Visitor: 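Below you will find the structure I want to go over with you.
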Amino acid sequence: MAKRALITGINGMDGSHLADFLLKKGYDVWGMERRASTKNRTNTKHLENKITFINGDMTDQNSLVRCLKEAQPEEVYNLAAQSFVGESWNTPEYTSEVTGLGVLRILEAIRETDKDIKFYQASSSEMFGRMIENPANESTPFYPRSPYGVAKLYGHWITKNYRESYGIKACSGILFNHESERRGIEFVTRKITDGVSKIALGLSDHISLGNLDAKRDWGYAPDYVEAMWLMLQNDSADDFVIATGETHSIRDFLQEAFSYVGIREWQKYVKQDPRFMRPAEVDVLRGDYSKAKSVLGWSPNVKFSELVCRMMKNDLDLLEL
């Protein structure tokens, strides 16, 4: 009999990639989405006849209990969140409700329904914020620098608390930045690849961005969803940093993207806009994934340059349709 898994945030980048991965493993996959008059299934259109979609809301515990009773999963992957860091300053209370307290609600639902369910929490490198250690590992002190980072930190600690208090096999993956062709257009990486593609095709003459000097540890999302699965297959519940150990700046990302379309002097196409500057900037994020490598046997496969190339090819193909 196939294992059953419930994925919250199914329509996001990670949710859709994780569903693809679990289907290849033979899982019966249920995907939780918020009820809406128009479904946003851009990333999951190809899954509509392969998984079961179910309505649920991270702000409503009763709906989460109902989802668990209906799906009867052996594994729950909580990827639901208000996930855009910039937006978290505009909607800090909503971000806290969904990204923070939503984790508490689903853990409570598991505690009440079936404590044998294995639980994965999508923690974030944004919890490190102003990095105390570089690179950061599982023991590095946290210093979040956004409402999003603070909310993620609550979700991280409440997951650990329920593991230690109730014996729930609950794991947190502290994932550093990861991207793919399915990244939302509001995120800086996709904003760059979409913008550069439009410039190359004569559809635009510039891109407006914020801080170009911020450095991130960027990996490829399909690599990272494998790490989520590996955590729940491990004998003991634990927390793991998932990263590449390399950093690249926004300028590096721009250079790779413009190089893909043969533009070397790219600076004239980029405008800095104060509207896209964070109130409190995170200058650099870099992770140490050695624990994941030694315990889970996980390592990243797709390098930075290949990641940018894949995103560029995708956006050019979309615009040329």
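Numbers for residues simply follow the sequence, beginning at 1. When reading the values below, keep in mind they use all heavy atoms of this one structure, side chains included, and skip hydrogens, waters and symmetry mates. The structure presented is a predicted model; accordingly, all values stated were derived computationally and were not measured.
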Visitor: State which residues pass salt bridge (Lys or Arg N to Asp or Glu O under 4.0 Å) with Arg105; sequence neighbours excluded, sorted by chain then number.
Guide: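 Checked Arg105 against salt bridge (Lys or Arg N to Asp or Glu O under 4.0 Å); matches are Glu97.
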
Visitor: Are Met58 and Tyr154 linked, directly or through intermediate hydrophobic residues, by side-chain heavy-atom contacts shorter than 4.5 Å (ILVMFWY only)?
Guide: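 Both belong to a single hydrophobic cluster.
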
Visitor: Regarding His46 and Asp20, do their side chains bring together a donor and an acceptor under 3.5 Å, going by distance alone?
Guide: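 A donor-acceptor contact under 3.5 Å links the two side chains.
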
Visitor: Return the set of residues passing salt bridge (Lys or Arg N to Asp or Glu O under 4.0 Å) with Asp223 (not counting sequence neighbours), or none when no residue passes.
Guide: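 Residues passing salt bridge (Lys or Arg N to Asp or Glu O under 4.0 Å) with Asp223: none at all.
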
Visitor: Check whether the ring centres of Phe119 and Tyr77 lie less than 6.0 Å apart, and answer yes or no.
Guide: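 Centroid separation for Phe119 and Tyr77: 6.0 Å or greater.
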
Visitor: With sequence neighbours left out, write down each residue that passes salt bridge (Lys or Arg N to Asp or Glu O under 4.0 Å) with Lys3, or none if nothing qualifies.
Guide: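 Lys3: salt bridge (Lys or Arg N to Asp or Glu O under 4.0 Å) contacts with Glu75.
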
Visitor: Are any side-chain N or O atoms of Gln272 and backbone N or O atoms of Gly210, one a donor and one an acceptor, separated by less than 3.5 Å?
Guide: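 Yes, the answer is positive, given that a donor and an acceptor are paired below the 3.5 Å cut-off.
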
Visitor: Of the options Tyr224, Tyr220, Phe304, which is the one that meets His178 in a ring-ring contact (aromatic ring centres under 6.0 Å, His included)?
Guide: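 In the set Tyr224, Tyr220, Phe304, the residue that makes a ring-ring contact (aromatic ring centres under 6.0 Å, His included) with His178 is Tyr224.
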
Visitor: Looking at the rings of Trp218 and Phe253, which for Trp means the six-membered one, are their centres under 6.0 Å apart?
Guide: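 Yes; Phe253 has its ring centre under 6.0 Å from that of Trp218.
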
Visitor: Hey, is the main chain of Pro222 close enough, under 3.5 Å, to the side chain of Glu226 for a donor-acceptor pair?
Guide: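 It does not hold such a pair.
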
Visitor: Are Lys118 and Glu74 close enough for a salt bridge, meaning some N to O gap below 4.0 Å?
Guide: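 Result for this pair is no, no salt bridge flagged.
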
Visitor: Between Arg183 and Phe187, is NZ or CZ placed under 6.0 angstrom from the six-membered ring centre and within 45° of the ring axis?
Guide: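 The answer is yes; both the distance and angle limits are met.
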
Visitor: Determine whether more than 12 heavy atoms belonging to other residues, nucleotides or ligands lie under 6.0 Å from atom CD of Glu265.
Guide: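 Count not over threshold, so no.
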
Visitor: Testing Val284, Thr189, Leu285 one by one against Arg216 for a side chain to side chain contact (heavy atoms under 4.5 Å, CB included), which residue passes?
Guide: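 Among the candidates, only Leu285 passes.
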
